[in-house]
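Take a look at the structure below.
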Amino acid sequence: MGAVRIRSCFLQLIAQVQEVSLDGLETYVPLLSMSQNLAKLAQRIDFNQSSDSDEDGPERESREPWGKPEPEEDEGTVKFQPSLWPWDSVRNNLRSALTEMCVLHDVLSVLKDKKYMALDPVSQDPALTKTPQVFQLISKKKSLATAAQLLLKGAEKLTKSLAENQEQRRQRDFNSELLRLRSQWKLRKVGHKILGDLSYRSAGSLFPHHGTFEVIKNTDIDLDKKVPDDYCPLNVQIPSDLEGSAYIKVSIQKQSADIGDLGTVSLFRRQPKAKPGSQMWHLKLEAAQNVLLCKEIFAQLSREAVQIKSQIPHIVVKNQIISQPFPGLQLSISLCHSTGEKKSQRASPDKSKPDDHLYVLEHNLHQLIREVHTMPHPASSPFGHKRLRLAGPMAYDKAEISSLQQSEGLLEKIIKQAKHIFLRSRTARTIDSLASRIEDPQIQAHWSNINSVYESSVKVLITSQGYEQICKSIQLQLNIGVEQIRVVHRDGRVITLSHQEQELQDFLLSQMSQHQVHAVQQLAKVMGWHVLSFSNHVGLGPIESIGNASAITVASPSGEHAISVRNGPESGCKVLVQFPRNQAKELPKSDAVQDARWTHLRGPYREVHCGRMEGRNFVYKMELLMAALSPCP
């Protein structure tokens, strides 16, 4: 007990008073722990002290007694005394620690015997234990609220930063798309707006429609949601009358049964298929420009239809132009413009069969319109001929210059092409019908692949099966124009036919009839028979309603037999054989012919029934007949 009291009094002496309350209660400064005291003492070590001080340190220490107490310091002041040698502070701390350990050992030894001192547990108030937990919960809530506010502020800053980045990115994307749009379309800036031009004024067009579209920035997308893949920061606004799709429909309709199968043509009809890498504004502008082009072309055709003077006036009703190139034939040019709402309703009736599509006419019309309308034309150009630039008596007058500058309109060219296509299709149909109806002789048509817009040619050959090498007399060249057909024979004769189908059919039937007679003539030369007479236009016999009949008479090499052939386009073929008089069974008696030498003359003709003869065609039957009547060698 005495040691503990001494320790407590010692602690009160070395402890510093922090505060004295009004009731005289003193509050001391808490003592430092051993680690804190060791760190404080270690900071006082001066390792830069000279060697003299190092040498004097132990001597001075030896002179001082170990148990001499240190002078007491005044209250509230701490004076720093330099150590006598470097490890002085460490030694002092170790000695104080040893003293404390000794005191602790003495206390524990006294408590162990339980004679003079005992340890009792200290009772704690439960209210005092619960109060700190409440304070801890409150402090935790405040800390969490502070952390939540920090997180919210950081999230708000990140959201603003992300929005600014997206806005800057959108602005960059808009500028890049605008640059791409400018490289393909004509743009100009008017005030705060960006306007573009869809018209063909730069190519020489005089259509009054302005054809202006506006470029706007696409702001419909929500920044909080995910940006779609097909998002485009740029959008275009086109006029309402140019929305949707449009095309020009050219149809050739028949009004009589003798006209061949015709069809329709759809010009500038575009399929709404997006190419890979193309933007929606590009497809929209192309469709709007196509609508403007179709309207401009139809306006020009309507103006020409009213101005052109023809025997049958052209009719212009709303979006349709009706013309009659030939009697019984109707040419219709229509402007079909459909918006997105009406597209599904008109999709089914607009579809045409592949057989009714006129591919040749479509190609020609596309080429014609591109050449006349959409190609860039200079504003001015010099005249070609020198006399147009001269003055005086040798120069052209007004009438001559106007005649040189006259040109056909677009509608006139389309009508001419429609006439040519119609005449060509009807010619092909006539030749095919004759070839399928008449097997002997055979008719073949070889169409030329190289044709002009208003003229086509076809080579017609009339042959007999198995005798193509010897029967080459009928070769025709048909030049099909706009309103007539020129037929060139093998010998150079030229015959002009009109657009009537009956004229061409009658002409071909007449040529097929003449072919049979020409084939007999060539066969007689090969067989050694003699041609007694030949005529393409026989004046005797019944009159043919189609052309004229042709006839030929050949005699055998011995002269005993003769064959006469008469062939007409309508009456058909008639074959007569003349035998010698001595082989005739019934001969009329004549008083004038009494001498026996006249019996070697040929007798009367006898008709041959060709239908009962063997043979695949007429020429083969004639060959068998000549072989039967020829004498054996």
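None of these values were measured; they are calculated from a predicted model.
Put simply, the side chain of L335 reaches to within 4.5 Å of the side chain of K295, judged on heavy atoms. Counting heavy atoms from C-beta on, the side chains of I443 and I438 never come closer than 4.5 Å. For the pair E503 and F507, the minimum side-chain heavy-atom distance is 4.5 Å or more. You'll find the side chain of H209 stays beyond 4.5 Å of the side chain of E296, heavy atoms only. Within the 4.5 Å cutoff, the side chain of S510 has no heavy atoms near those of the N548 side chain. Using a 4.5 Å heavy-atom cutoff, the side chains of L629 and S556 are not in contact.
Scanning for side chain to side chain contact (heavy atoms under 4.5 Å, CB included) contacts around D506 gives Q502, I546, with sequence neighbours left out. The side chain to side chain contact (heavy atoms under 4.5 Å, CB included) search around H609 returns R612, not counting sequence neighbours. Residues forming a side chain to side chain donor-acceptor pair (under 3.5 Å) with Q444 (at least two apart in sequence, or on another chain): none. The side chain to side chain contact (heavy atoms under 4.5 Å, CB included) check on N451 picks up R424, S448, S456, S457, with sequence neighbours excluded. E455 pairs by the salt bridge (charged side-chain N to carboxylate O under 4.0 Å, His left out) definition with nothing, not counting sequence neighbours. Not counting sequence neighbours, Y620 has no partner by the side chain to side chain donor-acceptor pair (under 3.5 Å) test. Partners of R437 under the salt bridge (charged side-chain N to carboxylate O under 4.0 Å, His left out) rule, at least two apart in sequence or in another chain, do not exist in this structure. Partners of S310 under the side chain to side chain contact (heavy atoms under 4.5 Å, CB included) rule, at least two apart in sequence or in another chain, are H314. Every salt bridge (charged side-chain N to carboxylate O under 4.0 Å, His left out) that K419 has, sequence neighbours left out, goes to E483. The salt bridge (charged side-chain N to carboxylate O under 4.0 Å, His left out) search around K416 returns E408, not counting sequence neighbours. With sequence neighbours left out, E544 forms a side chain to side chain donor-acceptor pair (under 3.5 Å) with S571.
One N or O on the side chain of H420 and one on the backbone of G481 form a donor-acceptor pair closer than 3.5 Å. Under the 3.5 Å distance criterion, the side-chain polar atoms of H489 are left unmatched by any main-chain donor or acceptor of D491.
Note: F579 and H561 have perpendicular aromatic rings, judged against thresholds of 30 and 60 degrees for the angle between ring planes.
The minimum heavy-atom distance linking D440 with F618 is given by the pair OD2-N, 2.8 Å.
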Donor-acceptor contacts, no H, no angles, side chain residues 517-528, under 3.5 Å, sequence neighbours left out:
residue : atom : partner : partner atom : Å
H518    : NE2  : N536    : OD1          : 3.4

